[in-house]
Amino acid sequence: MQQMSGTLVNLAIYLGLVVLGAFLGSRPGVRTRPMPWLGRFQTAALLLLILTLGAELGANEEIVASLGTIGLNAFTITITSMIGSMLAVHALRKYILGMDALGRSPREAAQEDAQGAREKVHVDHSLTALIVAAVVLGMLAGFFLLPEAVTAHCGTVINFGLYLLLLLVGLDMGRQGNMLRDVRAAGFRVLLVPLAVMAGTFAVTALAGLFLPLGPKDCVAAAAGFGWYSLAPTLLAPYSLTVSATAFLSNIMHELFSIVAVPVVAKKLGYIEAVALPGATAMDTVLPVVVSATCDRMAIYSFASGVILSLSVPVLIPAIIALPF
């Protein structure tokens, strides 16, 4: 219950920072002022956040010790859950919602084309390479170099770095002047994306569970954390310590793999599919990555998807482990 209430408080803070940033960015004095440094500052802050996250994980002896014992199961669950969510959202976008790879309906695409507007694709391979390097260097530094007195403060740095990034994301959205239009344009579609993520995740991880020692039910239970590595293991511990440990490592991997994969998926497959990958972390840690790899309009989808998936975790995991098989 405490974790759930803490999540609601965090949701309010995250939303408040984005709204505050958008309000400040929409002010005439800010919108008309050239800010060429804003994008570079966002990228630098994002890489610092990822580097710190890697250092915190590398310094966690429990994570490092778990790699050899339950790593294969956790890795398989992570990959299958991400593939399942991506495929389900791809089908939703292309065949049900009829949106293009940039996450636009035919009407929106026609309007932008008529106005001569072009989506600015932020993602490039250099961004992906920098993200991978930041994760790896952070984990190596946390494991081999940084003393415990330093890594003990990584969580605080991550929190304040995340607050800064969300404020900057909102500021950039406000400067674009499209926030309210994007919310209206997204409409009910933002609700369908997390539902597709759930369906795809559960279907493919259950299939993978047929070939893993854990079985379909336990694989689905571990995947139902959607990247929330602090809550999911806690809910699963009374049911099975093995499943709890697997869920912990799997959800850690989910967040890290999403940070690396989002830019590639956005470029090769589609913006909405990139939103699906991070799961619950689409509302916080990975939100700046999604926006950097796609466009400001995707912030609405990413934040809403992360909120709905986060709120579903304390409901879905107890329901899954209560199943009589």
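In what follows, residues are counted from 1 in the order of the sequence shown. The shown structure was predicted, so the numbers you read here are calculated from the model rather than taken from an experiment.
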A.B. asks: State, to 0.1 Å, how close Pro233 and Ser244 come at their nearest heavy-atom pair, and which atoms those are.
C.D. replies: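 For Pro233 versus Ser244, the nearest heavy atoms are O-OG, 2.7 Å.
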A.B. asks: Using side-chain heavy atoms (C-beta onward) and a distance below 4.5 Å, is Leu277 in contact with Val265?
C.D. replies: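 A side-chain contact exists here, since the closest heavy-atom pair is under 4.5 Å.
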A.B. asks: Measure from the side-chain N and O atoms of Thr78 to the backbone N and O of Ser250, and report whether any donor-acceptor pair falls under 3.5 Å.
C.D. replies: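 At least one qualifying donor-acceptor pair exists.
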A.B. asks: Starting at OG1 of Thr285, measure out to CG of Leu49 and round the result to the nearest 0.5 Å.
C.D. replies: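 Rounded to the nearest 0.5 Å, the OG1-CG separation comes to 6.5 Å.
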A.B. asks: Donor-acceptor pairs are to be reported for all side-chain atoms of residues 195-211 against protein atoms at under 3.5 Å, with residues two or more places apart or in another chain.
C.D. replies:
residue : atom : partner : partner atom : Å
Thr201  : OG1  : Val197  : O            : 2.7
Thr205  : OG1  : Thr201  : O            : 2.5
Thr205  : OG1  : Phe202  : O            : 3.4

A.B. asks: Can you check whether Leu102 reaches Cys295 side chain to side chain, under 4.5 Å on heavy atoms?
C.D. replies: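 No - every pair of side-chain heavy atoms lies 4.5 Å or more apart.
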A.B. asks: Tell me, please, which residues at least two apart from Phe23 pass ring-ring contact (aromatic ring centres under 6.0 Å, His included).
C.D. replies: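 With neighbours one apart ignored, the set is empty.
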A.B. asks: Check whether any side-chain heavy atom of Asn73 sits under 4.5 Å from a side-chain heavy atom of Pro213, and report yes or no.
C.D. replies: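 Yes. Closest side-chain heavy atoms under 4.5 Å.
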A.B. asks: Does Val18 belong to the same Ile/Leu/Val/Met/Phe/Trp/Tyr cluster as Phe160, with side-chain heavy atoms less than 4.5 Å apart forming each link?
C.D. replies: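 Yes, it is one cluster - the side chains of Val18 and Phe160 are joined through contacts under 4.5 Å.
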A.B. asks: For a quick test of your reading: what N or O donor-acceptor pairs under 3.5 Å do the side chains of residues 312-321 make, sequence neighbours left out?
C.D. replies:
residue : atom : partner : partner atom : Å
Ser312  : OG   : Leu309  : O            : 2.7

A.B. asks: Find the distance between CD1 (Ile259) and CG (Leu47) and round it off to the nearest 0.5 Å.
C.D. replies: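 Nearest 0.5 Å value for the CD1-CG distance: 10.5 Å.
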A.B. asks: Would you say CZ of Phe257 has more than 12 non-hydrogen atoms from neighbouring residues, nucleotides or ligands within 6.0 angstrom?
C.D. replies: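 More than 12 within 6.0 Å, yes.
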A.B. asks: Keeping the roles fixed (side chain from Ser305, backbone from Ser302), state whether a donor-acceptor pair exists under 3.5 Å.
C.D. replies: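 Absent.
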A.B. asks: Would you indicate whether the side-chain heavy atoms of Ile272 and Met298 approach each other to under 4.5 Å?
C.D. replies: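 Yes - at least one pair of side-chain heavy atoms lies under 4.5 Å apart.
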A.B. asks: How long is the gap from CG on Leu166 to CE on Met283, to the nearest 0.5 Å?
C.D. replies: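 Interatomic distance, Leu166 CG to Met283 CE, rounded to 0.5 Å: 10.0 Å.
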A.B. asks: Look up atom OG in Ser310 and atom CZ in Phe226, then write down how far apart they are to the nearest 0.5 Å.
C.D. replies: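 Taking OG in Ser310 and CZ in Phe226, the distance rounds to 10.0 Å.
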A.B. asks: Give me the atom names and distance for the closest heavy-atom approach of Cys219 to Leu214.
C.D. replies: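 The pair with the smallest heavy-atom distance is SG-CB, 4.0 Å.
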A.B. asks: Check side-chain contact (heavy atoms from CB on, under 4.5 Å) between Ile83 and all other residues, then give those that pass, not counting sequence neighbours.
C.D. replies: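 With sequence neighbours excluded, Ile83 shows a side-chain contact (heavy atoms from CB on, under 4.5 Å) to Ile79, Leu87, given in chain and number order.
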A.B. asks: For residues Pro288 and Val291, determine if any side-chain heavy atom of one lies less than 4.5 Å from a side-chain heavy atom of the other.
C.D. replies: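 No. Closest side-chain heavy atoms not under 4.5 Å.
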A.B. asks: According to a hydrophobic-cluster definition based on side-chain heavy atoms being under 4.5 Å apart (Ile, Leu, Val, Met, Phe, Trp, Tyr only), do Tyr163 and Val157 belong together?
C.D. replies: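 In one cluster: no.
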A.B. asks: First locate atom CD of Glu56, then atom CG of Leu146, and finally report the distance between them rounded to the nearest 0.5 Å.
C.D. replies: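 It is 12.0 Å, given to the nearest 0.5 Å.
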A.B. asks: Side-chain contact, heavy-atom cut-off 4.5 Å: Arg189 with Tyr301?
C.D. replies: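 Arg189 reaches Tyr301 side chain to side chain.
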A.B. asks: Spell out, yes or no, whether Val19 and Ile13 are grouped together once hydrophobic residues are joined by side-chain heavy atoms under 4.5 Å, including indirect joins.
C.D. replies: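 Val19 clusters together with Ile13.
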A.B. asks: Please report the closest heavy-atom contact between Pro278 and Ser258, naming both atoms and the distance.
C.D. replies: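 The answer is CA-OG, 3.4 Å.
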A.B. asks: Is it true that Val89 and Val190 fall in one hydrophobic cluster, defined by side-chain heavy atoms closer than 4.5 Å?
C.D. replies: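 The answer is yes; both residues are in one hydrophobic cluster.
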A.B. asks: Between Ala223 and Ser81, what is the shortest heavy-atom contact and its length?
C.D. replies: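 Reported closest heavy-atom pair: CB-CB, 4.2 Å.
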A.B. asks: Kindly give the heavy-atom pair with the smallest separation between Asn251 and Gly227, and that separation in Å.
C.D. replies: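 In this case the closest contact between Asn251 and Gly227 is OD1-N, 2.6 Å.
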A.B. asks: Could you identify which residues cluster with Tyr95, counting Ile, Leu, Val, Met, Phe, Trp and Tyr as linked when any side-chain heavy atoms lie under 4.5 Å apart, either directly or through a chain of such contacts?
C.D. replies: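 Taking Ile, Leu, Val, Met, Phe, Trp and Tyr as members, Tyr95 stands alone, with no cluster partners.
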A.B. asks: So how far is it from Thr80 OG1 to Phe75 CZ, rounded to the nearest 0.5 Å?
C.D. replies: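 Going from the OG1 atom of Thr80 to the CZ atom of Phe75 covers 10.0 Å.
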A.B. asks: Should Ile50 and Leu145 be regarded as members of a common hydrophobic cluster, given that ILVMFWY residues are connected when their side-chain heavy atoms come within less than 4.5 Å of each other, either directly or indirectly?
C.D. replies: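 They do share one cluster, since a chain of ILVMFWY contacts under 4.5 Å joins Ile50 to Leu145.
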A.B. asks: What pairs of residues pass the salt bridge (Lys or Arg N to Asp or Glu O under 4.0 Å) test when at least one of them lies in residues 82-98, not counting sequence neighbours?
C.D. replies: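 Every pair satisfying salt bridge (Lys or Arg N to Asp or Glu O under 4.0 Å) with a residue in residues 82-98: Arg93-Glu273.
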A.B. asks: Using side-chain heavy atoms (C-beta onward) and a distance below 4.5 Å, is Pro263 in contact with Val289?
C.D. replies: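 Side chain of Pro263 against side chain of Val289, heavy atoms only: contact under 4.5 Å found.
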A.B. asks: Tell me the closest heavy-atom pair linking Ala274 and Val290, and the distance in Å.
C.D. replies: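 Taking every non-hydrogen atom into account, O-CG2, 4.3 Å.
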A.B. asks: Hey, does Ser240 have a side-chain heavy atom less than 4.5 Å from the side chain of Asp218?
C.D. replies: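 When only atoms from C-beta onward are counted, Ser240 and Asp218 do not touch, as no gap falls below 4.5 Å.
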A.B. asks: Go through the steps for Leu51 and Leu137 under the test side-chain contact (heavy atoms from CB on, under 4.5 Å), then give the verdict.
C.D. replies: CA-CA 7 Å; Leu51 186 72; Leu137 289 176; 4.0 Å; yes
